[in-house]
Structures are given as C-alpha cells and as structure tokens.
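This report concerns only the one structure given below.
Keep in mind that this is a model prediction, so the values were computed, not measured.
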Amino acid sequence: MCPLVVAATIVVAVATVAGSALGYGRWWGYYPEIYWARLFCWLNFVTVSVRGRENIDSGTSYVFVANHQGAFDIFSLFGWLGHNFRWMMKESLRRIPFVGWACKACGQIFVDSSSVAATRRTMEAAEAQLRGGMSLAVFPEGARTWDGRMRRFKRGAFRLAVEFGLPVVPVTIDGAFDVLPRFRFLPRPGHISLTIHEPILPPVGGHDVEVLMEESRHAIESGF
C-alpha cells in the first residue's frame, strides 16, 4: 500500500507542476488530486459520504470553512467536495518534497504568520485567487483538534469573505478523528461524512465578521 501511495503522490505532483507550468494550473491543481485523494482513502479502507452537495453551484466562488479533525480531512474535501478550490494551508507543508512543490506551482496558499509582512503576502495571495473566480477552503481552527472538539476559530478566512462579499459555506467533517487523530501515526479503517451546509449569503451592507464566525460554527456543530 505505502509504495503505491508514494508512487501516486509523485506522479500527481510532477504532473501538476508540469501542467501548471504550461498555464493549466487551474485544472491540474484540482482534478488529478480528486483521484489521488480517493485512492488514498480506498487503500486505507476509509469510505466517505456527502450530504448537501446540492447547496453549492459549480459556477460560484465560495469560502468553504470546515472543522479540522485529522489528516483525512484533506483527502475527504479534495476527493468528495465536488467544487474546484484552493487551500489556505500551513506554511510548513511547503517543505514536503513533491507535495509542497505541486501546491506552490498550482497556486495553493501557504499561510505564513511569522511577521506582519508575511501575513500580508498570505492575504494578497488569497485575494488574487478570489479575484480570479476561484473558491477557497480553510480550516479556521488553524490546526487539528487534540480531543475531537472544535478549537477557537481564527478570523482570516472570514475577513476575506467580508472583503469580497462572498458566501461562506460551512462544512462538517465527522469521523476523521476516529480514522487518524493528531496523536496517531497509522490510520484505522472507518467512515467519514461530509455535510455541506447552505451558503451564508452576505446580507445588505455586507457580512459582520463576528456574526459570520458564530453562524459558521453553529452550522458546523449542527452536522455532527
């Protein structure tokens, strides 16, 4: 299993870098990764089900916000969300061989909060993707939970939604903590469910960040 996963990761990463270099990063940064993520789940005997996909439209830009239970959150969203997006991901992932190179090539956004200038560059990269009509996917907790309960949300993703007047789509990920929590190294077979909630549309006058965060958190909690 491990050699197959490594081989698939290398092939997808190299293809993504090459395709992005030719100007097709929008396609290569999403569609091959769907099959890579599904293969990863299949090889680890992890099944994924989705509810609420009818709540989103393929031609609309969204800011997706999801709880972060474990490493398989990434595979679940990549493989089953059904909407092209770019991640806002931790800066440390840039250093992973092949994976980090592919993410950089296709426009994934690395969150660097090491300084005010670095944070500004992160936001500018996210804004550039949104101006281009791309959606973003964010774990507003910033890191995986230690105990299965949601951590405090950070404001960055919600500020972007306010600035661009975009709908926010809360997504509940349930079951990933049982498959591979933060304190384990090997996954267990299991089932993960994704619940895509109705978009929170910007009201007249625009979103309020605090209200938006609270509504998103409440929606995510309702899906457990």
Q | Test log, rule side-chain contact (heavy atoms from CB on, under 4.5 Å), inputs F75 and V48 | A | CA-CA 10 Å; F75 307 123; V48 180; over 6 Å; no
Q | Closest contact, heavy atoms only, I220 versus T172 | A | O-OG1, 2.7 Å
**Q.** Side-chain touch E214/F153, heavy atoms, less than 4.5 angstrom
**A.** no
Q: Give a yes or no on whether the backbone of Y30 and the side-chain of E33 come within a donor-acceptor separation of less than 3.5 Å.
A: yes
Q: Keeping the roles fixed (side chain from R51, backbone from T195), state whether a donor-acceptor pair exists under 3.5 Å.
A: no
Q) Within the side chain of Y31, is there an N or O that forms a donor-acceptor pair under 3.5 Å with the backbone of N84? A) no
Q) Hey, is the main chain of S115 close enough, under 3.5 Å, to the side chain of R120 for a donor-acceptor pair? A) no
(Q) With clusters defined by side-chain heavy atoms of hydrophobic residues (ILVMFWY) lying less than 4.5 Å apart, directly or transitively, does F224 cluster with F64? (A) no
Q. Quick one: does R184's side chain have a donor or acceptor within less than 3.5 Å of a partner on V179's backbone?
A. no
Q. Is the number of heavy atoms from other residues, nucleotides or ligands within 6.0 Å of CD (E198) greater than 12?
A. no
Q: Mark yes or no for whether D174, through its side chain, and S193, through its backbone, hold a donor-acceptor pair below 3.5 Å.
A: no
**Q.** N/O donor-acceptor pair under 3.5 Å between N44 side chain and V46 backbone
**A.** no
Q. Stepwise, does the ring pair (Phe, Tyr, Trp, His ring centres under 6.0 Å) test hold for W28 with Y24?
A. CA-CA 6 Å; W28 283 99; Y24 300 101; 8.6 Å; no
Q | Neighbour count >12 (heavy atoms, 6.0 Å) for atom OH, Y35 | A | no
Q. Under 3.5 Å, is there a donor-acceptor pair between the side chain of N55 and the main chain of I196?
A. yes
Q) When rounded to the nearest 0.5 angstrom, what is the spacing between CZ in F110 and NZ in K90? A) 12.5 Å
Q: Assess the side chains of E91 and T122: does a donor N or O sit below 3.5 Å from an acceptor N or O?
A: no
Q) Okay, side chain of T16, backbone of G29: is any donor-acceptor separation there less than 3.5 Å? A) no
Q: Compare all side-chain heavy atoms of D57 with those of Y62 and state whether any distance is below 4.5 angstrom.
A: yes
Q. More than 12 non-hydrogen atoms from neighbouring residues, nucleotides or ligands closer than 6.0 Å to NE2 on H218, yes or no?
A. no
Q. Considering only heavy atoms from C-beta outward, does the side chain of L93 approach that of V99 to under 4.5 Å?
A. no
**Q.** Taking every non-hydrogen atom, the tightest pair across I34 and G79
**A.** CG2-O, 3.7 Å
(Q) Using 0.5 Å steps for rounding, measure from the CG atom of D208 to the CE atom of M213. (A) 10.5 Å
Q. How are the rings of F85 and W87 set relative to one another: parallel (under 30°), tilted (30 to 60°) or perpendicular (over 60°)?
A. perpendicular
Q. Can you find a pair of side-chain heavy atoms, one from M88 and one from L160, that are under 4.5 Å apart?
A. yes
Q: Drop me the distance from L166's CG to T60's OG1, to the nearest 0.5 angstrom.
A: 10.0 Å
Q) Can a donor-acceptor pair be found between the side chains of T145 and R151 at a distance below 3.5 Å? A) no
(Q) Rounded to the nearest 0.5 Å, what separates atom CZ in F139 from atom CG in L77? (A) 5.0 Å
Q. Mind checking whether F78 and W36 have parallel, tilted or perpendicular rings, split at 30° and 60°?
A. perpendicular
Q. Distance-only, no hydrogens or angles: does the H207 side chain make a donor-acceptor pair with backbone N or O of G165 under 3.5 Å?
A. no
Q: Applying ring-ring contact (aromatic ring centres under 6.0 Å, His included) between F72 and each of F177, W80, F40, F45, report the one that passes.
A: F40
Q: Mind checking the NE2-CD1 spacing from H83 to I56? Nearest 0.5 Å is all I need.
A: 5.5 Å
Q: For atom CH2 of W42, decide whether the heavy atoms of other residues, nucleotides or ligands shown that lie under 6.0 angstrom number more than 12.
A: no
(Q) For the CE atom of M123 and the CD1 atom of I109, what is their distance to the nearest 0.5 Å? (A) 9.5 Å
